[in-house]
There are 2 protein chains.
Amino acid sequence: MLARQRHQEILNRVGRAGAVRVAELARWLNVAEETIRRDLEKLDGEGKLIRTHGGAMPLPEDRREVPFDVRRAKHSAEKERIGAAAARFVGEGDIIALDASSTVYCLARALPDWPLTVLTNSMEVATLLMSRPRIQVVSTGGMLDVASQSFVGSFAEEALSRLHIGKLFLSSKGVDLVRGLSEAADEHARLKRRMMDLADETYLLADHSKFGVKSVVFFADLKDVDMVITDRGVDPAVLPELDRHHVRSEIAE
Amino acid sequence: MLARQRHQEILNRVGRAGAVRVAELARWLNVAEETIRRDLEKLDGEGKLIRTHGGAMPLPEDRREVPFDVRRAKHSAEKERIGAAAARFVGEGDIIALDASSTVYCLARALPDWPLTVLTNSMEVATLLMSRPRIQVVSTGGMLDVASQSFVGSFAEEALSRLHIGKLFLSSKGVDLVRGLSEAADEHARLKRRMMDLADETYLLADHSKFGVKSVVFFADLKDVDMVITDRGVDPAVLPELDRHHVRSEIAE
DNA sequence: ACCGAATATGCCCGATTATGCCCGAAATGT
DNA sequence: ACATTTCGGGCATAATCGGGCATATTCGGT
């Protein structure tokens with residue numbers, strides 16, 4: 001039986017019975033309990049059921065469908081991997097900031113399940129993390145930019161200054177080794193700059209297509225970044241160059 | 001039976017019976033009383049019921065933070081009418097504020113299609129209005145409260161002070177002619193108070209079931225309200241009383 | 001078709017959680 | 001005031017979990 005098939009089967013049974021136990025499922029589906037646990041972990045992570053000690057329960061009625069479309073534009077596999085790799089730098093109790101970008105959204109989905117405070121200007125990230133009980137979400141507020149579904153403007157920028165950020169995870173339209181990070185819109189650039197100024201550490205999430213690209217507004221030097229997380233498609237010449245700027249880097253496998 | 005399942009069952013019985021005893025629950029659910037005690041301790045800690053000696057009781061009706069979808073469903077016809085009536089007070093180019101309540105959400109849906117600036121602390125209102133190109137949405141930001149899907153906290157409160165609000169539309173858990181408006185949670189109460197202080201005019205949207213109800217935290221007098229919009233089910237004695245306080249009122253037909 | 005990588009699965013073991021039992025202390029009812 | 005019920009904490013036990021490791025299967029690229 002295929003793993004996916006098993007997942008469906010589990011969801012079916014959870015939905016009908018109201019609750020299932022790991023041992024039950026293991027017997028019923030002829031797999032080890034470890035496998036069932038991994039299945040439940042995955043399904044819980046996807047928000048399709050709720051894991052409990054000893055088994056799982058269906059979602060409470062009132063949270064089954066989030067009103068907004070949780071449609072996700074193409075998460076290229078690279079972005080997923082970069083997000084997962086970045087998630088490993090998040091420690092328990094950390095105060096982290098996430099910007100409004102699709103790569104960072106992937107990180108949000110991969111965040112570990114422990115107490116965290118997450119500051120974000122992205123509506124989508126906020127909505128996503130609302131279903132994670134151990135995560136405290138804080139939003140900058142500000143003018144709502146429809147295109148990026150995020151808050152921008154001087155209001156958002158000044159709101160930031162009252163906060164502390166441990167680790168900032170951001171992305172940018174372009175990453176040039178000489179000119180640094182760039183964005184297409186000034187308002188987004190300014191906000192990212194502000195976030196970097198306030199953060200103890202800055203992690204740049206950039207898939208290989210971002211390197212060498214210069215967008216319109218430059219907002220930071222590469223040397224202001226503490227670590228770059230990218231994917232295997234990156235030009236091999238880039239990593240030594242980062243090293244030369246004392247920027248750590250990691251390739252998400 | 002899973003622990004979580006038992007918790008659900010306990011909440012069910014408490015909710016339906018009004019009160020339960022530890023011994024009863026232990027017998028019904030086939031576990032030791034110690035287990036039930038631990039369950040009750042946990043549920044009480046989560047604010048889902050109130051422990052008493054020998055058993056537990058449900059939360060008083062008016063201090064329950066009902067999830068948004070549920071609130072929206074309740075009295076929806078009246079709320080729709082009230083929202084539509086309130087929308088007629090919104091003029092072109094107005095700067096209005098909307099709080100996080102289901103009635104005001106109905107107003108948001110009924111907003112006229114002309115240029116507007118809308119300040120809100122509700123994620124759902126912000127999401128809804130994102131699809132309205134002529135409406136500029138501004139959010140307070142702050143800590144995200146999951147139950148109400150809205151931003152609260154001192155952060156949100158202070159963010160407000162930098163803004164101007166023309167007309168504020170809000171609702172509240174309870175409206176008492178003598179004691180005024182009340183909310184179940186302090187953080188919501190404080191924010192609403194702050195909004196009222198900053199607004200030129202305050203419109204209270206309250207269906208008839210709100211009148212005479214006293215929740216936990218009072219945050220404003222009726223005389224601070226400029227206009228009350230309610231429905232036909234309201235006690236006829238209420239309107240003259242409002243008049244006596246120089247509060248205008250309207251019944252949404 | 002072949003090989004290395006990614007994925008899925010199973011097994012083992014120390015850590016965590018859930019539960020039940022016991023007993024002295026606190027609360028309750030008569 | 002006294003008998004009874006209920007509570008809370010300490011302890012023991014069993015179920016469950018999570019992570020590390022090994023093996024098998026599938027996938028992807030040549």
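Side chains are part of it too, since the values below use all heavy atoms of this structure and drop only hydrogens, waters and symmetry mates. All chains are named by letter (A, B, ...) in the order of the sequence lines, taking the proteins before the strands, and each is independently numbered beginning at 1.
A:Leu29 has its CG atom 15 Å from the C1' atom of C:dA8, to the nearest Å. Distance, B:Glu41 CD to C:dT19 C1': 14 Å, rounded to whole Å. Atoms CE (B:Met1) and C1' (C:dA18) sit 15 Å apart, rounded to a whole Å.
Among residue pairs with one or both ends in residues 10-24 of chain B, those qualifying as salt bridge (Lys or Arg N to Asp or Glu O under 4.0 Å) are B:Glu9-B:Arg13; sequence neighbours excluded.
Residue-level contact check: B:Arg4 touches neither bases nor backbone, having no heavy atom under 4.0 Å from any strand.
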Polar atom pairs between nucleotides 10-14 of chain C and protein, under 3.5 Å, N or O only, would you list them?
unit_1	atom_1	unit_2	atom_2	d
C:dG10	OP2	A:Ala32	N	2.8
C:dG10	OP2	A:Thr35	OG1	2.4
C:dG10	N7	A:Arg38	NH2	2.7
C:dG10	O6	A:Arg38	NH2	3.4
C:dC12	N4	A:Glu34	OE2	2.8

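A heavy-atom distance below 4.5 Å is not found between the side chains of A:Tyr203 and A:Asp226. Contact of the A:Leu177 side chain with the A:Leu242 side chain is registered, since non-hydrogen atoms from C-beta on lie closer than 4.5 Å. For the pair A:His188/A:Asp145, a side-chain contact is recorded, criterion being any heavy-atom separation below 4.5 Å from C-beta on.
The salt bridge (Lys or Arg N to Asp or Glu O under 4.0 Å) test applied to A:Asp197 returns A:Arg193, not counting sequence neighbours. The salt bridge (Lys or Arg N to Asp or Glu O under 4.0 Å) check on A:Glu92 picks up nothing, with sequence neighbours excluded. Under the side-chain hydrogen bond (donor to acceptor under 3.5 Å, both in side chains) criterion, A:Glu250 pairs with no residue at all, not counting sequence neighbours. A:Lys173 meets the salt bridge (Lys or Arg N to Asp or Glu O under 4.0 Å) test with no other residue; sequence neighbours excluded. The salt bridge (Lys or Arg N to Asp or Glu O under 4.0 Å) test applied to A:Glu201 returns A:Arg248, not counting sequence neighbours.
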Would you be so kind as to tabulate the donor-acceptor pairs closer than 3.5 Å made by side chains of residues 29-40 of chain A, with sequence neighbours excluded?
unit_1	atom_1	unit_2	atom_2	d
A:Glu33	OE1	A:Arg37	NH2	3.3
A:Asp39	OD1	A:Arg6	NH2	3.1
A:Asp39	OD1	A:His7	NE2	2.9
A:Asp39	OD2	A:Arg6	NE	2.6
A:Asp39	OD2	A:Arg6	NH2	3.1

Extract all donor-acceptor atom pairs below 3.5 Å that involve side chains of residues 164-171 of chain A and protein atoms in other chains or at least two apart in sequence.
unit_1	atom_1	unit_2	atom_2	d
A:His164	NE2	A:Asp200	OD2	3.0
A:Lys167	NZ	A:Phe89	O	2.9
A:Lys167	NZ	A:Asp94	OD2	2.9
A:Ser171	OG	A:Leu205	O	3.0
A:Ser171	OG	A:Lys210	NZ	3.2

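A nucleotide of DNA chain D counts as in contact with chain A when one of its atoms lies under 4.0 Å from a heavy atom; the first and last such, 5' to 3', are D:dT16 to D:dG18.
Of the residues in residues 11-24 of chain A, A:Arg21, A:Val22 come within less than 4.0 Å of DNA chain D through at least one heavy atom, sorted by number. Within residues 48-56 of chain A, the residues that place at least one heavy atom under 4.0 Å from DNA chain C are, in residue-number order, A:His53.
No donor-acceptor pair closer than 3.5 Å links the side chain of B:Ser182 to the backbone N or O of B:Val216.
Open room surrounds CZ on B:Arg179; 12 or fewer heavy atoms of other groups in view lie less than 6.0 Å from it.
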